[in-house]
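Report on the following structure.
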Amino acid sequence: MDDQILLSDHASSLSVQAYLRMCGLPIQVVCRYNAEYMSPSGKIPFIHVGNQVVSELGPVVQFTKAKGHSLSDSLDDVQRAEMKAYMELVYNMLLTSELFVQWCDDATAGEISRPRYSSPYSWPLGNILAYQKQWEVRRKMNAIGWGGKTLEQVYEDVNQCCQALSQRLGTQPYFFNKQATELDALVFGHLFTILTTRLTSTELAERVKSYSNLLSFCRRIEQTYFEDKKLMKD
Amino acid sequence: MGTVHAKSLDPLPMHGRDLGVNPDDLMEPPEQEQESKQEVLENKDVVVQHVNIQGLGRTKEDLLGYEISDVFHAKNLIDVMKRAHVARLRLLRLGVFKEVEVLIDTSEGKDALPNGLDITFEVTEIKRLTGSYNTMVGNNEGSMVLGLKLPNVFGRAEKVTFQFSYGTKETSYGLSFFKPQPGYFERNFTLNLYKVTGQFPWSSLKETDRGLSAELNFPLGVTSHTLKWEGVWRELGCLARSASFAVREESGHSLKSALSHSMSIDLRNSAIFPNRGALLRINQELAGYTGGDASFLKEDFELQLNRKLFWDSVLSASLWGGMLYPLRGQPSCIADRFYLGGPTSVRGFGMYSIGPQSEGDYLGGEAYWAGGVHLYTPLPFRPGKGGFGDLFRTHFFLNAGNLCNLNYGEGPQAHLQRLAECIRWSYGAGIVLRLGNIARLELNYCVPMGVQSGDRICDGVQFGAGIRFL
């Protein structure tokens, strides 16, 4: 559903796609308007393998590991802990910022998020579901203390997160030198989506663009793993 | 039952509100003979001069005029008593009075005729608000049910009911407003607002419906019709993590806005154990042309014929069928499809466990038919005859049916062929108990036949309770 998916969901979905391609597993991407409700955890993306359904990147990584495919086997314990920490950083900063910009900024919510979220449904169901989702995200933001933040503060948080990632990446091709890991997939998914999604303002993308090594990182991963497929650009 | 008092010797005048309906055109010219007021009125010609209703509070008089106007046409005392009784029943069926008593007396006053009668209906209105509170336990869930009823809200037999159920798993509520047409109680209008939840373990599905409906009922000759518009926000979800992917795909929200028409002719002498008569019910529903996501045309019918045979036994045959035709290229939704099987439909099979399924979850089908032939007899040796024993019957049955999806590109020949192949059928015997005038319980021994792979059977003893049985 090109005209339904939102920034944060697309970022999560792209992360899982990148991870599975890095593992060399063949995948097929299917869009469903009710994917959020089909998922056992309520969050997309989810993978359907045989008759098993697994949702979100963390459980997907565990699942593929159990089947014998893993990207982080060669890491030692210190590196693995570091990887987990950076992944947490992305979840807590980047993903939360994406949700904030989408649903807590009135301009973006009204012009982009609500119309897109309600597009597969007829009136008035679409409006009801979109407002319900907006209230749910705003409640969650209040619960984690982001309720009082302004858009500028959120952009600054994104900037700091990118700075940390940029410093860790340095001049290496991947975060852990030669080997792509799930952290690379996660970071790629989010940064690429931020760079290529049109929002009401380009400030979010600008913050990412200011780090040239992150830009080239995204381009490199796209060329290496997604060469056969034109990535969805909103 | 009520009492009809006919007093002929009471000297006190009746106090009451005169309806102001003038029976002038019904009055016969006054007789010339001077007859004493003490004369006992036997089967003499009489004229009803006044009809009063006493005890009205909030009920409006114009509503009642229609129900009692027939009394004025009575020509003799027996007729008066009969018509007064009928009028009393009509007043009671409005649902606004707790009790109605009829008093028939000779006319008093200066325009009283020697054979004139005054009829007075003494009524007691129902309280403005009645409430009920129940607790219910069932299916691993307990709930509290609160009911509120406001009868006769605006004085013309309107009724507002509210029911709220708070359970360990789900809450549901319903609010409804009922308004009959004054003078034609059978023509009425109902507005409903509701939220109901249901769990369907045979499909591993749970459904929450929040809806609004407006319904118009009216009789036409011997048939009774219902026209209804319904708008429902449906939310489907998986009941367990182990639900099949086919059911998982149906999860989510959808909006159904549908117009439906239903016609029924019920000529049976009883709803539960009819001895004779037939029932025909035809129902159609068109969704999608008044908004909403779901788009389909659904038809289904129910036919039942009963005939009394020798020795108080009754032969009953019934046939059900239906078809769902998805419109605008959209696939049908699991919540709209038909289901078959179970103690209330084809006996000997598990509840709704016939037909297309995926990993043990039954998905329903777009077309079905089901038929049954029953022979009902009173219990052998008739224990408790005239009392408790009359609530039971033994029955021998033969049920058959089929449920499948049709390929709408093919013609009707192909559809019939599909419905005729792989017929499931069963036979058996059991005991049926009548509950009130609405429900029945059955305990049967069933032998299912024609079982296809994927169907779940319940051979041997099967228990069923419900309102509508095949």
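Lettering follows sequence order; numbering is per chain, from 1.
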Exercise. May I ask you to check whether over 12 heavy atoms, not counting those of B:Y166, lie within 6.0 Å of atom OH?
Key: no
Practice problem: Please examine the side chains of B:S254 and A:N34, heavy atoms only from C-beta on, and report whether any two atoms are closer than 4.5 Å. | Solution: no
Quiz prompt | Contact origin within B:E359 toward chain A - heavy atom pairs under 4.5 Å | solution = side chain
Self-check item: Nearest non-hydrogen partners of B:H253 and A:Y121, listed with the distance
Solution: O-CE2, 3.3 Å
Quiz item: Are there more than 12 heavy atoms of other residues, nucleotides or ligands under 6.0 Å from atom OH of B:Y352?
Solution: no
Practice problem: Answer whether the closest heavy-atom distance between the side chains of A:P40 and B:R248 falls below 4.5 Å. | Solution: yes
Quiz item: Any chance CH2 of A:W135 has more than 12 other-residue heavy atoms, nucleotides or ligands included, within less than 6.0 Å?
Solution: no
Quiz item: How far does CG of B:L255 sit from CD1 of A:I128, to the nearest 0.5 angstrom?
Solution: 8.0 Å
Quiz prompt | Option that, when pairs with chain B are counted at under 4.5 Å, heavy atom only, ranks first among A:S122, A:S39, A:P124 | solution = A:S122
Exercise. Could you tell me whether B:K149 atom NZ has more than 12 heavy atoms of other residues or ligands within 6.0 Å of it?
Key: no
Quiz prompt | pair B:F245-A:N51: side-chain heavy atoms closer than 4.5 Å | solution = no
Self-check item: Pairwise distance CZ(A:R32) to OG(B:S251) - rounded to 0.5 angstrom
Solution: 11.0 Å
Quiz prompt | B:D293 to A:L125 - nearest heavy-atom pair and separation | solution = OD2-CD2, 3.9 Å
Self-check item: A:K140 atom NZ: more than 12 heavy-atom contacts under 6.0 Å
Solution: no
Quiz item: Within a reach of under 6.0 Å around CG of A:D77, are more than 12 heavy atoms found that belong to other residues, nucleotides or ligands?
Solution: no
